[in-house]
Amino acid sequence: MDPDVTAVRPFLERGRALSSPPDASGEGHPHTGVRAYAITRGRAHASVHLEFETMLQATVVGRDAAGAQRFERGDIVRLCDSEPLSVAELSARLHVPIGVVRVVAADLLTEGLLESFHPTENVADDVLLLTRLIAGVRAL
Amino acid sequence: MSVLSDAPVRPVAGPIPVKIVIAGGFGVGKTTFVGAISDIAPLTTEAAMTSYSEGIDDVGDVTTKTTTTVAMDFGRVAVDQAIVLYLFGTPGQDRFGFMWNDLIQGALGAVVLVDSRRIEDSFPALDYFESRGVPFVVAINKFGGNMFHSLEDVREALSINPAVPVITTDARGRSAVKETVLSLLDVVLHRALARRSGAE
């Protein structure tokens, strides 16, 4: 596993280390979780639920305000300025866990700096979309 | 989700993200598979996944909540002007098999990659998708043309529902990976059509 892992909830990580077998995967990771926790201002849950593949793009308001945003807030707005990016892509490109992106991006959405493109609800029943998807993959 | 009232109205509809999951044992070729079709080099992300275990550690007869940070590789394919297909590889270790709920949420289905020399490595993935009714196909990665068992032998060894496709693939080949994804999408579409006709 990437040694550069950032723990989301450091106190849970420590708790696990005490009660888990020594081969648990958190072993050897730098516990930079305090910082991750600080980014989210101590919250572990977002106000809006974002899936891994939910895509985000900066709004005009967000673009104008990007320079005034600090740390990950600014990074996220700038990264999805030119093209929409998923929560997972933002997480990978910023090297922060998905949970952190979820919390920060949810704030930015609520403040109108980002807009979101959610996965289609009940996508598995959406025959039209599935047909389009199949035609598109076939044509790749 | 309401945006600020002065935000401009988008002239065209935005992207439509869809997701499938690529599962299988460690080293079976999940990231290679994703990379063969992805528009971008596979990216790695970390997610905290939570599991619950009961009474198996020293603290006694309590439910212990455990959060583990796991790495996942994924890729992205622009399928048409709107649809963006994401392919997420599951974390390779068996013991994370019960932590996939967050990942599988909203996924169309899964490709279970199998190395025919290590069939048992795919059991946690098969158990997981079967028990949750997630559509999946089994794809035996040929690793450059070598098949160590026949498809029927593998099917029998896996003891899966006869309706589940068991196919061969080559995780390094774009067209083989495309065909594998299409066979999964075919299963998903047929399920959708069956549900629709059942509802009428």
Side-chain angles (χ1 to χ4, degrees), chain A residues 1-2 5-9 12-13 15-16 19-21 24-26 29 48 51-55 57 59-61 84 86-89 91-93 95-99 109-112 114-121 123-127 129-140, chain B residues 1-4 6-8 10 14-19 37 40 43-48 50 57-59 64-72 74 76-80 82-86 88 93 96 102-103 105-109 135 174 178 181-182 185-186 188-189 191-193 195-196:
Chain A
M1 192 180 295
D2 188 339
V5 166
T6 310
V8 182
R9 302 181 67 187
L12 282 177
E13 286 289 311
R16 184 184 51 69
S19 59
S20 301
S25 86
H29 294 157
V48 185
E51 303 294 349
F52 291 12
E53 72 276 24
T54 301
M55 299 180 82
Q57 186 163 29
T59 60
V60 172
V61 176
S86 64
V87 169
E89 284 168 288
S91 159
R93 290 172 67 167
H95 302 288
V96 295
I98 278 188
L109 277 166
T110 309
E111 295 164 32
L114 294 181
E115 62 181 324
S116 56
F117 304 99
H118 293 272
T120 311
E121 267 184 61
V123 61
D125 285 319
D126 193 332
V127 170
L129 182 64
L130 291 172
T131 309
R132 242 178 92 184
L133 177 58
I134 288 169
V137 171
R138 194 165 282 142
L140 286 176
Chain B
M1 174 92 264
S2 71
V3 198
L4 294 184
D6 60 349
R10 293 179 66 82
I16 305 167
V18 295
K19 170 174 70 178
I37 197 171
I40 56 172
L43 294 168
T44 303
T45 183
E46 278 100 32
T50 305
D57 53 24
D58 294 344
V59 292
T64 310
K65 187 178 170 190
T66 304
T67 301
T68 310
T69 303
V70 296
M72 288 175 294
F74 67 96
R76 183 188 69 190
V77 192
V79 169
D80 63 21
I83 301 175
V84 183
L85 174 65
Y86 283 94
F88 281 90
Q93 299 88 333
F96 295 134
D102 207 20
L103 175 60
Q105 173 68 38
L108 280 176
R174 181 175 167 89
K178 224 175 81 174
V181 170
L182 283 170
L185 295 176
D186 205 45
V188 177
L189 177 62
R191 278 203 186 192
L193 291 170
R195 273 194 298 264
R196 191 163 76 171

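Throughout, a chain's letter reflects where its sequence line sits, starting with A, and its residues are numbered from 1.
- In this structure, A:Leu140 and B:Lys178 approach most closely via the heavy-atom pair O-NZ, 2.9 Å.
- Annotation for A:Ile134 and B:Asp186: closest pair CD1-N, 4.3 Å, computed over non-hydrogen atoms.
- Heavy atoms only, all atoms of each residue included: A:Phe117 and B:Gly14 are closest at CE2-CA, 3.4 Å.
- Remark: A:Pro119 engages A:Glu51, A:Glu53, A:Thr54, B:Pro17 in a side-chain contact (heavy atoms from CB on, under 4.5 Å) (not counting sequence neighbours).
- When the side-chain contact (heavy atoms from CB on, under 4.5 Å) test is applied to B:Leu193, the partners found at least two apart in sequence or on another chain are A:Val127, B:Leu189, B:Arg196.
- With a threshold of 4.5 angstrom between heavy atoms, B:Ile16 approaches chain A through side-chain atoms but not through N, CA, C or O.
- Separation of atoms CG (A:Leu129) and CG (B:Leu108) is listed at 7.5 Å; rounding is to 0.5 Å.
- Your options are A:Glu121, A:Arg138, A:Arg132, and the one with the most heavy-atom pairs under 4.5 Å with chain B is A:Arg132.
- In plain terms, the two heavy atoms of A:Phe52 and B:Met72 that are nearest each other are CE2-CE, 3.4 Å.
- Heavy atoms closer than 4.5 Å to chain A are found nowhere in B:Ala107, neither backbone nor side chain.
- For the set B:Leu43, B:Ile83, B:Ile37, the entry with the most heavy-atom pairs within less than 4.5 Å of chain A is B:Ile83.
- The heavy-atom pair separating B:Ala192 from A:Asp125 by the smallest distance is CB-CA, 4.1 Å.
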